[in-house]
Amino acid sequence: MSETTTELRTLLANLVRAALMSDDRASALWREAARQGQAKLAADPARTEGLTIEGFWTQGVREAEAPEYREAEGQVEFGFPALCPFTLAELVAPGFDVDAAVERLRKSAATG
């Protein structure tokens with residue numbers, strides 16, 4: 001797997017983890033990790049050209065829902081949508097709002 005694909009999958013996983021965490025401090029730490037990863041991708045969005053988001057979404061959700069995180073989760077009670085609620089262009093755009101993205105994930109999970 002290339003560095004770019006790993007960064008994209010990790011960004012999605014960090015956003016999902018931030019949405020899952022019921023503890024504000026834990027959520028803030030995952031949000032910061034997401035901000036750092038997103039900034040790296042936004043610095044050179046051309047690296048993501050030709051990629052499709054859906055496979056990375058599935059991998060990111062699976063990674064975020066790993067058993068070692070389950071005890072700290074509690075914010076979201078239902079599963080995340082099968083399709084990524086973000087476009088690739090949104091994720092790599094300068095000014096991507098991580099906090100708004102986390103809230104969007106929480107709402108999409110709550111409604112299915």
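Quick note: numbers below take in every heavy atom, side chains included, and nothing from hydrogens, waters or symmetry partners.
- Considering only heavy atoms from C-beta on, Leu15 comes within 4.5 Å of Val98 through its side chain.
- The heavy-atom pair separating Ala64 from Val16 by the smallest distance is CB-CG1, 3.4 Å.
- Atoms CG and CZ, on Leu29 and Arg17 in that order, are 12.0 Å from each other to the nearest 0.5 Å.
- Arg106 places a side-chain N or O within 3.5 Å of a backbone atom of Ala18 that can act as its donor or acceptor partner.
- Around atom CG of Asp44, more than 12 heavy atoms belonging to other residues, nucleotides or ligands sit under 6.0 Å away.
- Two residues are said to be in side-chain contact when any heavy atoms from C-beta on lie closer than 4.5 Å; Leu105 and Leu20 fail this criterion.
- Separation of atoms CD (Glu103) and NZ (Lys107) is listed at 6.5 Å; rounding is to 0.5 Å.
- Without hydrogens or angle criteria, Glu54 side chain to Cys84 main chain gives a donor-acceptor distance under 3.5 Å.
- Distance check, rounded to the nearest 0.5 Å: CZ of Arg62 to CG of Leu12 gives 13.0 Å.
- Here the shortest heavy-atom pairing between Leu41 and Val92 reads CB-CG1, 4.0 Å.
- Atom CG of Asp99 and atom CZ of Arg35 lie 4.5 Å apart (nearest 0.5 Å).
- Taking CG of Leu8 as the reference point, atom CZ of Arg47 lies at 10.0 Å (rounded to 0.5 Å).
- For the pair Thr6 (side chain) and Ser2 (backbone), a donor-acceptor distance under 3.5 Å is present.
- Residues Phe96 and Leu91 have side chains in contact (heavy-atom distance under 4.5 Å, counting atoms from C-beta outward).
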Report the C-alpha separation of Asp24 and Arg31 in whole Å, then their side-chain angles, then the decisive distance to 0.1 Å, and conclude whether the salt bridge (Lys or Arg N to Asp or Glu O under 4.0 Å) test is met.
CA-CA 10 Å; Asp24 288 342; Arg31 288 170 196 245; over 6 Å; no
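- Judged by distance alone, the side chains of Gln59 and Glu63 never bring a donor and an acceptor atom under 3.5 Å apart.
- Under the 4.5 Å side-chain heavy-atom criterion for Ile, Leu, Val, Met, Phe, Trp and Tyr, Leu83 and Leu11 are members of distinct hydrophobic clusters.
- Within the model, atoms CG of Asp23 and CH2 of Trp30 stand 12.5 Å from one another, a figure rounded to the nearest 0.5 Å.
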